[in-house]
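Order of the sequence lines sets the chain letters (A, B, ...), proteins ahead of strands, with each chain counted from 1. Note: hydrogens, waters and symmetry copies are ignored here, and every other heavy atom, side chains too, is used.
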2 protein chains.
Amino acid sequence: MKDFFNQFDFQSDQLFGKLNSAEKKFADRVMEKLLIKKGSTLFYEGGIPTGVFQLKNGRAKKFKRGFSGEEQIFYIYTKDDVMGYHALLGEERYQDSCEALEDLEVNFISKSNFLKLLNDVPRLKQAVIKNISHEFGVLANTIAVLAQKDQNTRLAIFLMLLEKKFKQKIAESAGIDLTRDDLSNMIGTSSESLGRSLKQFKDSGIIEIEKRVIYIKNKKALLKFLRLDSITQDALVY
Amino acid sequence: MKDFFNQFDFQSDQLFGKLNSAEKKFADRVMEKLLIKKGSTLFYEGGIPTGVFQLKNGRAKKFKRGFSGEEQIFYIYTKDDVMGYHALLGEERYQDSCEALEDLEVNFISKSNFLKLLNDVPRLKQAVIKNISHEFGVLANTIAVLAQKDQNTRLAIFLMLLEKKFKQKIAESAGIDLTRDDLSNMIGTSSESLGRSLKQFKDSGIIEIEKRVIYIKNKKALLKFLRLDSITQDALVY
DNA sequence: TATTTTAATTAACATATGTTATATATTTGT
DNA sequence: ACAAATATATAACATATGTTAATTAAAATA
């Protein structure tokens with residue numbers, strides 16, 4: 001069921017697909033290629049917006065600091081994803097932060113060029129607005145998972161989503177490679193407690209771990225946690 | 001600290017404040033007053049958008065069904081809040097549902113009239129887009145609370161937020177009047193387990209309960225759960 | 001108002017998660 | 001390649017939350 005994954009996918013990799021060839025040409029012309037080192041930020045909460053970014057290679061985490069200061073990761077961007085447009089369309093400051101999980105290759109479009117592009121191509125502006133509404137729904141779905149599911153179920157869901165995300169876009173690997181801190185942060189638990197759940201999954205043959213990379217070995221068993229109807233469940237085992 | 005509350009407030013009650021008197025006149029003219037019974041829906045997930053609503057009296061819950069079907073409440077609307085515009089701006093269907101928690105008095109603006117208003121008043125369109133971005137941040141903050149805080153802390157946070165929300169807009173009462181099912185759903189626990197937390201708060205004199213209405217009696221003790229710095233904490237005791 | 005239905009409260013027990021501590025593995029910087 | 005720093009794995013114990021069940025309170029309906 002494609003639907004299951006779409007509920008948790010921003011789909012911001014498809015934004016520039018709305019452009020025709022002439023428009024694409026303009027976009028390409030104003031794009032600036034940047035190389036960003038692992039651990040550095042593309043933008044940060046409270047900063048003045050400089051433009052938008054499209055990831056061409058690598059992964060980045062999007063997070064927000066709650067009122068008590070701890071970071072909360074709520075999305076991971078991969079190849080082709082566009083980010084940073086919320087602040088350009090509406091807010092005067094970035095509302096969240098984005099940090100490279102590994103060395104990145106990024107296309108940058110400055111604020112003025114992006115606004116010009118939006119202005120010249122109403123279809124694109126419409127698509128961006130529509131996408132923000134879609135992303136709103138993704139966050140609502142994330143809230144539902146965090147509020148309703150126990151830890152093992154949350155882990156199962158995130159493993160499914162992350163494997164798809166990483167497989168889809170990073171040809172060379174189907175494994176899930178995240179620090180235990182980042183993964184536990186997303187799932188809403190401590191890294192030690194996440195470790196316990198991972199061990200349970202390992203012991204029942206659902207996953208294997210090499211170095212820190214998690215490989216799903218028994219997708220059907222993982223899906224059992226999701227309590228989907230059997231038709232949807234079957235559709236997810238590809 | 002006003003900031004604390006704003007992090008969790010859609011602020012959609014201020015949208016029509018962007019209009020000048022002539023524009024307001026047009027809006028008033030096309031507004032249709034509706035009376036909606038407790039328990040009925042203003043709109044529902046998957047439905048075709050008909051227009052936007054402004055609450056003039058009463059409260060409504062916004063929720064979404066996760067992939068396994070259970071409803072997840074992620075916002076409560078009160079007096080003057082505007083809702084239903086996401087679907088008009090971008091999506092072709094409502095992405096979530098909205099249900100009356102009590103008998104409502106609502107102003108309805110049809111899709112065509114609202115789109116006309118947006119078109120005639122670019123400032124309003126801009127404000128709506130900006131608001132959706134802001135709401136995105138509210139959901140991210142909600143994710144942080146659900147992922148990072150234990151049950152008593154989540155309860156403390158939601159009690160603070162709900163009391164402010166209800167006091168601000170419903171003059172006659174400062175109590176928190178929600179079914180245990182709705183409150184536990186928001187907080188991410190079972191109603192029985194919520195009951196245990198409520199009892200703990202009651203026994204330590206933090207709250208009092210009459211019928212099912214919760215009254216905060218010791219705000220300072222509640223704030224201890226939030227682990228705010230003492231300056232922010234002091235600012236919240238008014 | 002009386003009756004029926006639904007919601008709230010509470011307790012006891014089972015299970016899940018948080019926390020601290022220690023050992024091992026991996027990465028980083030020289 | 002080595003040392004130092006950081007990340008991961010795991011266990012043991014403490015605490016928090018889930019679950020079932022029984023009782024009481026409140027709300028809906030006739």
Residues forming a salt bridge (Lys or Arg N to Asp or Glu O under 4.0 Å) with A:Asp150, sequence neighbours excluded: none
Ring geometry between A:Phe136 and B:Phe74 (parallel below 30°, tilted from 30 to 60°, perpendicular above 60°): perpendicular
Under 3.5 Å side-chain donor-acceptor pair for B:Gln200 and B:Asn152: yes
All side chain to side chain donor-acceptor pair (under 3.5 Å) counterparts of B:Tyr75, not counting sequence neighbours: B:Asp9, B:Lys165
Nearest-nucleotide 5' precedence on DNA chain D, B:Lys38 against B:Asn152: B:Asn152
Derivation and outcome, ring-ring contact (aromatic ring centres under 6.0 Å, His included), residues A:Phe225 and A:Phe201: CA-CA 11 Å; A:Phe225 283 96; A:Phe201 281 20; 5.1 Å; yes
Under the salt bridge (Lys or Arg N to Asp or Glu O under 4.0 Å) test, residues paired with B:Glu99 that sit two or more places apart: none
Residue list, salt bridge (Lys or Arg N to Asp or Glu O under 4.0 Å) with A:Lys56, at least two apart or on another chain: A:Asp80
Contacts of type side chain to side chain contact (heavy atoms under 4.5 Å, CB included), residue A:Asn141, not counting sequence neighbours: A:Gln7, A:Phe8, B:Lys64
Close N/O contacts between protein and nucleotides 21-26 of chain C (under 3.5 Å):
none

Pairing residues for A:Asn185 by the side chain to side chain donor-acceptor pair (under 3.5 Å) criterion, not counting sequence neighbours: A:Gln72
Atom pair distance, as rounded to whole Å: CG in B:Asp182 and C1' in C:dT6: 14 Å
Sugar-phosphate only, base, or nothing, as touched by B:Ile209 at under 4.0 Å among non-hydrogen atoms: sugar-phosphate
Residues forming a salt bridge (Lys or Arg N to Asp or Glu O under 4.0 Å) with A:Lys111, sequence neighbours excluded: none
Those residues of residues 197-207 of chain A lying under 4.0 Å from DNA chain D by at least one heavy atom: A:Lys199, A:Lys202
Bending between helix ends of the helix from C:dT1-D:dA30 to C:dT30-D:dA1 [5 pairs per end, 10° resolution]: 70°
Residues in side chain to side chain donor-acceptor pair (under 3.5 Å) contact with A:Tyr85, at least two apart in sequence or another chain: A:Asn131, A:Glu135
Position toward the 5' end of DNA chain C (nearest nucleotide), A:Gly188 or B:Thr179: B:Thr179
Sugar-phosphate only, base, or nothing, as touched by A:Ile187 at under 4.0 Å among non-hydrogen atoms: nothing
Close side-chain approach of B:Arg59 to B:Leu178, heavy-atom, < 4.5 Å: yes
Short side-chain donor-acceptor distance under 3.5 Å, A:Ser97 and A:Lys61: no
Sugar-phosphate only, base, or nothing, as touched by B:Thr189 at under 4.0 Å among non-hydrogen atoms: sugar-phosphate
First-last contacting nucleotides on DNA chain D - partner chain B, under 4.0 angstrom, heavy atom: D:dT17 to D:dA28
